[in-house]
Every structure is written in C-alpha cells, then in structure tokens.
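A single structure is presented below for examination.
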Amino acid sequence: MALNNTYEARLVQQETAVGAGVQILLLALLGSAIGLGPAGWLTGLVFAIASWALLSLALHRSRLRSFGPANRVTLGRATLVGGVTALVADSFESSPPVTLFVGLTAVALILDGVDGKVARRTGTSTALGARFDMEVDAFLILVLSVYVSMSLGPWVLFIGAMRYGFVAAARVWPWLNAPLPPSTARKTVAAMQGVFLLLAASGLLPYMATFAVAATALAALVWSFGRDILWLWRTSRVEQVPVAEVRELVAS
C-alpha cells in the first residue's frame, strides 16, 4: 500500500512538472511568433517556476492520489495566464499583438467555466482544486489590471489588488476568514471582472467607453467586497454577544 501511495504521489507531481514544461513551450512559441523580449521571458519563466513550486507543495500537503481532470483544465488555464503575464511584462517595451493577447486571455476566461463543471460531473471536486482555480482567476485579474492601468491610470490596479488586500487584512482581523454564504451576485461580479478588463484592454472602444467599463468593474467589485465584509463583521459581532453575556453572569 505504501509503495502504491508513493507511486501515485510521483505521478501527481509529474503532472505539475509537465505543466511547467508546457508553459516554457508556450513562451518559446510566443518568442518565435512575436519576438518576446527579455522582460517577457524572465517574467514567464518566473511564473512557470513559481507555479510549479507552489502547486507541488500544495499537492504534497493535500496528499491527493490523483491530479484529476478538473485540475488539468485549471493547469491548462494557468499556462495561458502565464503567457498573458509574459505579454503584459513585454508590453512595457513594446505593445503585444492585440489579437494574440485577446485570444489567450479569452480562452483562459472561457475555461474558467469548464473546470468547475468537469469537477462536478466527474465527482473530483476538492478543496485544493477550488483554491487552485481561485488563485489562477485572481492572478489573471491582477495581470489584466496592470495592463489596463497603463492606459487608464493606476486606479485600475485596485481591481487586481483588492482580493490580495482582503487576504492580507484577514491576517490582521481573523473574523474576515469566516466562511461566506453562497451568493450568485458575488459570482457574477467576480466573473465580470475578467470580461470587462479584457474589453478595456482590447482597444476596441473609445477612451471614455473604456474608462466607463473599467470604472463599472471597480464599482461592482467594491460593492461586492463591501457587502461581504459588512456581513462578516456583523456575524462576528453576533457571535461575540453570548460570550459577553456568559462573562457577566459569572461575574455576578
């Protein structure tokens, strides 16, 4: 049994290594197609190595016996996000081809709705898979906000940074770590961020329309985070009331 577990663990880890190899292959294809510069290559390689290391560590801790079809889809999405990240890094020196940039991003966004369905249909939903999916989504939004901010201004960065700010705040205020109830509105707002940022990045709209699209995305995100934070705060206050009452009874 121990030998089988070791063999399965190696197979799972090998899939992450394959993902890193595919990422490097995509960078090579981008380099040959558009002449990816040093900044794009370096950023893409750092993304590939960091993704492989973090995912390998998470898999080791979770002790999953199979990588699963849904995680393979997410890994494919992560590869595309790595390509988009390289293009954005390269855009500080020269603008990437719009068609290529939009194409990679659009496929990554479309696949976001695939991995969850695959996990549910195959019965392979895991906490690690959900976290992996969420982190890929969050990083893509961050990268897109960096790209759009170059034309609209640094305020767009709040879109990509908000989730990471929330995570940092939760380390200071643990009540932010409490589970949230399911919300269609939250899922809708999260999904629209990538679509709106891609539309703003495509250059298809005039400046004012692009500004309005990005501003709408930010406003919706602020509303969504604000609503959830208020709910978490109120819930934490309610949970503290019984404790206070017990202490008063003991003191009396």
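Remember, it's a predicted structure, so these values are computed and weren't measured experimentally. Only heavy atoms go into these numbers, but all of them, side chains included; no hydrogens, no water, no symmetry mates.
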Is the side chain of Ser56 donor-acceptor paired with the backbone N or O of Ala53 at a distance under 3.5 Å, no angle test? no
At their closest point, which heavy atom of Ala39 faces which heavy atom of Thr43, and how far apart are they? O-OG1, 2.8 Å
Indicate, with yes or no, if Phe92 and Leu144 share a hydrophobic cluster defined by side-chain heavy-atom contacts under 4.5 Å among Ile, Leu, Val, Met, Phe, Trp and Tyr. yes
Are Asp115 and Arg77 close enough, and set up right, to give a side-chain contact (heavy atoms from CB on, under 4.5 Å), and what steps lead you there? CA-CA 9 Å; Asp115 46 12; Arg77 261 194 330 116; 3.2 Å; yes
For Tyr164, check ring-ring contact (aromatic ring centres under 6.0 Å, His included) against everything at least two apart and list the hits. none
For Trp231, is the CH2 atom crowded, meaning more than 12 foreign heavy atoms sit under 6.0 Å from it? yes
If every non-hydrogen atom of Ala214 is compared with every non-hydrogen atom of Trp155, which pair is closest and at what distance? CB-CH2, 3.7 Å
Atom CG of Leu29 and atom CD1 of Ile34: how far apart are they, to the nearest 0.5 Å? 11.0 Å
Considering all heavy atoms, the nearest Ile159-Ala217 contact: CD1-CB, 4.2 Å
Taking Ser224 for the side chain and Leu221 for the main chain, is one N or O donor matched with an acceptor at less than 3.5 Å? no
Go through the steps for Val195 and Leu199 under the test side-chain contact (heavy atoms from CB on, under 4.5 Å), then give the verdict. CA-CA 6 Å; Val195 176; Leu199 185 59; 5.6 Å; no
Nearest 0.5 Å, what's the CD-CD1 distance between Gln23 and Ile49? 10.5 Å
Cluster check Leu128, Val114: I/L/V/M/F/W/Y, side chain < 4.5 angstrom: yes
What about Val222 and Val156, same hydrophobic cluster or not, with Ile/Leu/Val/Met/Phe/Trp/Tyr joined at side-chain heavy-atom distances under 4.5 Å? yes
Locate the shortest heavy-atom distance separating Tyr207 from Leu152; write the atom from each residue and the value. CE1-CD2, 3.5 Å
Determine whether a donor-acceptor pair (N or O, by modelled atom type, separation under 3.5 Å) exists between the side chain of Thr105 and the backbone of Val102. no
Just verifying a value: how many Å separate Leu230 CG and Phe225 CZ, rounded to the nearest 0.5 Å? 14.5 Å
With clusters defined by side-chain heavy atoms of hydrophobic residues (ILVMFWY) lying less than 4.5 Å apart, directly or transitively, does Leu104 cluster with Leu204? no
Value for CD (Gln193) from CG (Leu142), rounded to nearest 0.5 Å, stands at 12.5 Å
Looking at Arg186 and Pro181, would you say the former's side chain and the latter's main chain have a donor-acceptor pair under 3.5 Å? yes
Under a single-linkage definition using a 4.5 Å side-chain heavy-atom cutoff for Ile, Leu, Val, Met, Phe, Trp and Tyr, are Trp173 and Met162 assigned to the same hydrophobic cluster? yes
Nearest heavy-atom neighbours spanning Thr122 and Pro69: OG1-CG, 3.8 Å
Distance-only criterion, 3.5 Å: show the donor-acceptor pairs between side-chain atoms of residues 78-91 and protein atoms not counting sequence neighbours.
| residue | atom | partner | partner atom | Å |
| --- | --- | --- | --- | --- |
| Thr79 | OG1 | Leu75 | O | 3.0 |
| Thr85 | OG1 | Val81 | O | 2.7 |
| Asp90 | OD1 | Gly37 | N | 2.9 |
| Ser91 | OG | Val88 | O | 2.4 |

Which atom pair, heavy atoms only, marks the closest approach of Trp175 to Ser236? CB-CB, 3.7 Å
Within this structure, what is the CG-OG1 distance for the pair Leu180 and Thr235, rounded to the nearest 0.5 Å? 8.5 Å
I'd like to know if the side chain of Ser51 reaches the main chain of Ala48, judged simply by a donor and an acceptor atom lying under 3.5 Å from each other, with no hydrogens or angles considered. no
Kindly compute the distance separating CE (Met150) from CG (Leu157), expressed to the nearest 0.5 Å. 10.0 Å
Between Val22 and Leu26, is the side-chain contact (heavy atoms from CB on, under 4.5 Å) condition met? List the steps. CA-CA 6 Å; Val22 173; Leu26 177 59; 5.6 Å; no
Please report the C-alpha distance between Val143 and Tyr147 in whole Å, then the side-chain angles of each, then the deciding distance to 0.1 Å, and finally whether the side-chain contact (heavy atoms from CB on, under 4.5 Å) criterion is met. CA-CA 6 Å; Val143 170; Tyr147 185 76; 5.9 Å; no
